[in-house]
Amino acid sequence: MSRFATLDLPGFPYRASLMAAAALAALAVDFASKEVVVALDPQTLLFNVSERDVFGLGTGAILLAGFGSLLMCVLPLRPIAIAAGVALGGALGNLTSRHWWEHRGGSPDFIPFADGSTGNVADLFIAFGAFTMLLATVAWLVSTLVVARRR
């Protein structure tokens, strides 16, 4: 057990609750932003007309994202749990909006990116959450190894 002494399993329910709250908040912000933009109908508004399922990976991708987010909550850092929730909320936002605006072609994209593509707030949440999870996990691993070497 000393090898995994930094894992905080008793704190898992708390971090899982943080993840769920962050996911719901991200989902609400994403959905609200899409509702406002669709109502304003700007020139940059496009609807994702992809014939593939979520991210081209199939519907199981959302289940995989949810499981991965819960798995990240085993690590003892709250920022990892929150970042996992933000990424999950973005993924759920894109999935939900594909069905909500199905009659118009799918998920509304309205943020022009530098590479010429267009995205939405959910895409930003997914990227931010994934990057933050990666950064915080690497920081946790490094600090765990430093502490282990000092012992």
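- The side-chain heavy atoms of I111 and T118, taken from C-beta on, include no pair separated by under 4.5 Å.
- Taking hydrophobic clusters as Ile, Leu, Val, Met, Phe, Trp and Tyr residues chained together by side-chain heavy-atom distances below 4.5 Å, L134 shares a cluster with V142.
- With rounding to the nearest 0.5 angstrom, the CZ atom of F113 is 5.5 Å from the CG atom of D123.
- Residues M133 and P79 fail the side-chain proximity criterion, which asks for heavy atoms closer than 4.5 Å.
- Between the CG atom of D109 and the CG atom of L46 there is a distance of 6.5 Å, given to the nearest 0.5 Å.
- Scanning all heavy atoms of the two residues, the minimum distance from G90 to F125 falls at CA-CB, 4.1 Å.
- E35 and W101 form no side-chain donor-acceptor contact under 3.5 Å, judged by distance and modelled atom types alone.
- The line from CG of L92 to CG of L27 is 6.0 Å long, rounded to the nearest 0.5 Å.
- Side-chain contact between L70 and F12 is present, with heavy atoms from C-beta onward closer than 4.5 Å.
- L141 and I80 fall within the same hydrophobic cluster, defined by Ile, Leu, Val, Met, Phe, Trp and Tyr side-chain heavy atoms under 4.5 Å apart, directly or through other members.
- With values rounded to the nearest 0.5 angstrom, L77 atom CG is found 7.0 Å from S143 atom OG.
- Of the possible polar contacts, one joining the R15 side chain to the C73 backbone as a donor-acceptor pair under 3.5 Å is found.
- Expressed to the nearest 0.5 Å, how far OG1 of T137 lies from CE of M72 amounts to 3.0 Å.
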Exercise. Let me see the working for F47 and V38 under side chain to side chain contact (heavy atoms under 4.5 Å, CB included), right down to the final yes or no.
Key: CA-CA 10 Å; F47 286 88; V38 168; 4.1 Å; yes
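- For the residue pair N120/S107, the side-chain donor-acceptor check at 3.5 Å is satisfied.
- Note: M19 CE to L24 CG = 9.0 Å, rounded to the nearest 0.5 Å.
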Quiz item: Where do V121 and F110 land on the side chain to side chain contact (heavy atoms under 4.5 Å, CB included) test, with the steps shown first?
Solution: CA-CA 9 Å; V121 174; F110 53 91; 4.0 Å; yes
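- In this structure, F128 places its CZ atom where only 12 or fewer heavy-atom neighbours from other residues, nucleotides or ligands lie under 6.0 Å away.
- A donor-acceptor pair under 3.5 Å links the side-chain atoms of S97 to the main chain of N94, judged by distance alone.
- Nearest heavy-atom pair across A87 and A130 is CB-N, 4.1 Å.
- Within the 3.5 Å criterion, the main-chain N or O of A122 finds a donor-acceptor partner in the side chain of D30.
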